[in-house]
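Have a look at the structure below, then the notes.
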Amino acid sequence: MAALSKSIPHNCYEIGHTWHPSCRVSFLQVTWGALEESLKIYAPLYLIAAILRKRKLDYYLYKLLPEILQSASFLTANGALYITFFCTLRKILGKFYSWTPGFGAALPASYMAILIERKSRRGLLTIYMANLVLLFCITAAMYMFFFRCKDGLKGFTFSALRFIVGKEEIPTHSYSPEAAYAKVEQKREKQEEKPRRMHIIYLVRKLVNLICKHGPRHRCCKHYEDNCISYCIKGFIRMFSVGYLIQCCLRIPSAFRHLFTKPSRLLSLFYNKENFQLGAFLGSFVSIYKGTSCFLRWIRNLDDELHAIIAGFLAGISMMFYKSTTISMYLASKLVETMYFKGIEAGKVPYFPHADTIIYSISTAICFQAAVMEVQTLRPSYWKFLLRLTKGRFAVMNRKALDVFGTGASKHFQGFVPRLDPRYTVVKPELPIEFS
């Protein structure tokens with residue numbers, strides 16, 4: 001642990017923006033780079049989300065672009081304000097302490113930046129010390145239980161789960177089983193009247209129906225069009241396709257950059273391992289959840305919300321196909337947020353104004369402190385994200401000068417020494433090693 005009282009006299013150019021001596025120029029460069037990367041991140045993300053949520057034309061015309069710009073502005077501000085406070089603290093204090101380059105600059109920057117983001121997207125970010133798959137299993141179990149309960153989940157979370165697992169797993173329906181059967185029969189009659197095209201989706205569906213034509217279905221199951229076996233198989237095929245297409249869409253920008261230089265790269269757009277991993281994750285999650293739910297209905301002879309806890313936990317094993325700390329931690333943090341607000345509604349938990357904003361700010365400041373002083377302790381995926389957001393500038397900080405604080409700041413930078421202009425330095429710069 002670095003001593004808080006220790007300090008170094010270097011200025012912000014010598015430690016932070018080593019690529020340019022001007023604070024203003026460095027601020028503009030970081031801001032522009034962060035804005036460019038933020039738009040690349042949020043534009044496809046919001047577009048895919050809008051398609052999955054079946055948004056109407058008005059949303060695409062009037063709301064999509066403002067929401068993309070708002071989230072992109074939040075992420076951009078996080079980077080821009082960080083370098084602003086980095087330089088400001090050095091000017092106010094006259095030197096650098098162990099906490100100022102990371103935590104000190106990042107705390108006010110992240111607090112101000114999160115206020116730009118929509119309140120509905122301010123998730124609780126926490127440091128975790130749990131197994132990834134186990135964490136996801138527990139999170140999935142609780143999510144599916146709230147999904148099955150009346151008024152358990154609302155808004156986007158409820159809509160997303162209904163899209164993933166289907167409305168058949170919602171225990172309360174506004175129509176009786178008899179009405180549902182009649183509705184299914186009417187649907188089949190209409191389908192028979194229409195001319196059918198021999199496309200691949202129809203062929204796959206027909207094959208599944210043939211395989212599972214005479215399969216069983218429990219009376220408590222509400223998937224009236226299918227038996228339990230075909231219900232699980234169709235769920236897997238549907239969500240596998242969604243996951244595959246999502247990953248393909250995310251890879252389109254990078255694939256088309258190499259359209260003329262390396263045309264063979266386009267094939268990786270469709271045959272990439274990650275495409276199938278995301279598809280397998282979503283498909284297996286849905287099929288395991290549905291299969292377990294049906295199995296429990298058969299052995300207990302009733303439809304119970306508690307089944308969702310067991311089914312959700314077992315479905316969480318699907319994370320083995322696509323081990324994503326981002327997905328796991330985001331869902332876990334949103335679950336904590338959901339349970340917290342349910343506790344407030346029940347009068348069991350006190351309300352703390354701006355709790356999500358404060359926790360986000362502290363968590364981000366801790367991550368930035370690690371990124372500056374002890375990058376070896378930072379999650380690799382988050383370090384790559386910081387490099388992408390700053391166009392690699394986070395890696396060219398003068399960490400060798402920070403070694404005096406005893407954290408081994410330059411340990412993973414192979415003796416890197418920035419080329420500094422002596423005219424703008426306080427301490428005589430160390431000459432970088434020349435390699436012949």
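The first residue in the sequence is number 1, and the count goes up from there. When reading the values below, keep in mind they use all heavy atoms of this one structure, side chains included, and skip hydrogens, waters and symmetry mates.
For the pair I15 and A401, the tightest heavy-atom approach, listed with the atom from each and the gap, is CD1-CB, 3.6 Å. Minimum interatomic distance between C228 and W298 (heavy atoms only, all atoms of both residues): SG-NE1, 3.5 Å. Between A50 and Y59, the shortest heavy-atom distance links the atoms CB-CE2, 3.5 Å. Nearest heavy-atom pair across L39 and A72 is CD2-CB, 3.8 Å. Closest approach of F146 to M339, counting heavy atoms only: CE1-CG, 3.9 Å. Closest approach of P418 and T18 over heavy atoms only: CB-CB, 3.7 Å.
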Report the C-alpha separation of F86 and F368 in whole Å, then their side-chain angles, then the decisive distance to 0.1 Å, and conclude whether the side-chain contact (heavy atoms from CB on, under 4.5 Å) test is met. CA-CA 11 Å; F86 184 93; F368 270 67; over 6 Å; no
Could you go through the side-chain contact (heavy atoms from CB on, under 4.5 Å) check for I362 and Y111 one step at a time? CA-CA 8 Å; I362 295 173; Y111 183 84; over 6 Å; no
Give the intermediate values and the outcome of side-chain contact (heavy atoms from CB on, under 4.5 Å) for residues F27 and S22. CA-CA 9 Å; F27 165 79; S22 171; over 6 Å; no
Steps toward side-chain contact (heavy atoms from CB on, under 4.5 Å) verdict (C220, R300): CA-CA 10 Å; C220 293; R300 295 193 67 204; over 6 Å; no
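Between F416 and S410 the shortest side-chain heavy-atom distance does not fall below 4.5 Å. Side-chain contact between V286 and F236 is absent, with no heavy-atom pair separated by less than 4.5 Å. In this structure, the side chains of V372 and F103 stay at 4.5 Å or more apart for every pair of heavy atoms. With contacts defined as side-chain heavy-atom distances shorter than 4.5 Å, the pair F85/I92 does not qualify. Side-chain contact between Q376 and W383 is absent, with no heavy-atom pair separated by less than 4.5 Å. Side-chain contact check for C87 versus H17: some heavy-atom pair is nearer than 4.5 Å. Residues L75 and L389 have side chains in contact (heavy-atom distance under 4.5 Å, counting atoms from C-beta outward). At least one side-chain heavy atom of Y322 sits under 4.5 Å from a side-chain heavy atom of Q247.
Here the side chain of E14 pairs a donor or acceptor atom with the backbone of N11 at under 3.5 angstrom. At distances below 3.5 Å, not a single donor-acceptor pair connects side-chain atoms of E374 with backbone N or O atoms of G408. Judged by distance alone, the side chain of S38 and the main-chain N or O of A34 form a donor-acceptor pair under 3.5 Å. Side chain of S71 to backbone of I68: no donor-acceptor contact under 3.5 angstrom is found.
Separation of atoms CG (L282) and OG (S287) is listed at 10.5 Å; rounding is to 0.5 Å. Put simply, OG1 on T100 and CZ on R90 are 9.5 Å apart, with the number rounded to the nearest 0.5 Å. Atom NZ of K63 sits about 11.0 Å away from atom NZ of K56, to the nearest 0.5 Å. Note that CE of M144 and CG of L314 are 12.5 Å apart. Values are rounded to the nearest 0.5 Å. Here the straight-line distance linking atom CG of L296 with atom CD1 of I309 works out to 11.5 Å at 0.5 Å rounding. The NE2 atom of H307 sits 5.0 Å away from atom CG of L302, with the distance rounded to the nearest 0.5 Å.
Listed by chain and number, the residues in a side chain to side chain donor-acceptor pair (under 3.5 Å) with R297 are E169, D303 (sequence neighbours excluded).
Using bins of under 30°, 30° to 60° and over 60° for the plane-to-plane angle, the ring pair F285/Y289 lands in the parallel bin. Using cut-offs of 30° and 60° on the angle between ring planes, the pair Y97 and W99 is parallel.
Atom CZ of F163 has more than 12 heavy atoms from other residues, nucleotides or ligands within 6.0 Å.
Annotation: cation-pi pair K290/Y231 present, NZ/CZ under 6.0 Å from the ring centroid and within 45° of its normal.
In this structure, the ring of F385 has its center no less than 6.0 angstrom from the ring center of F394.
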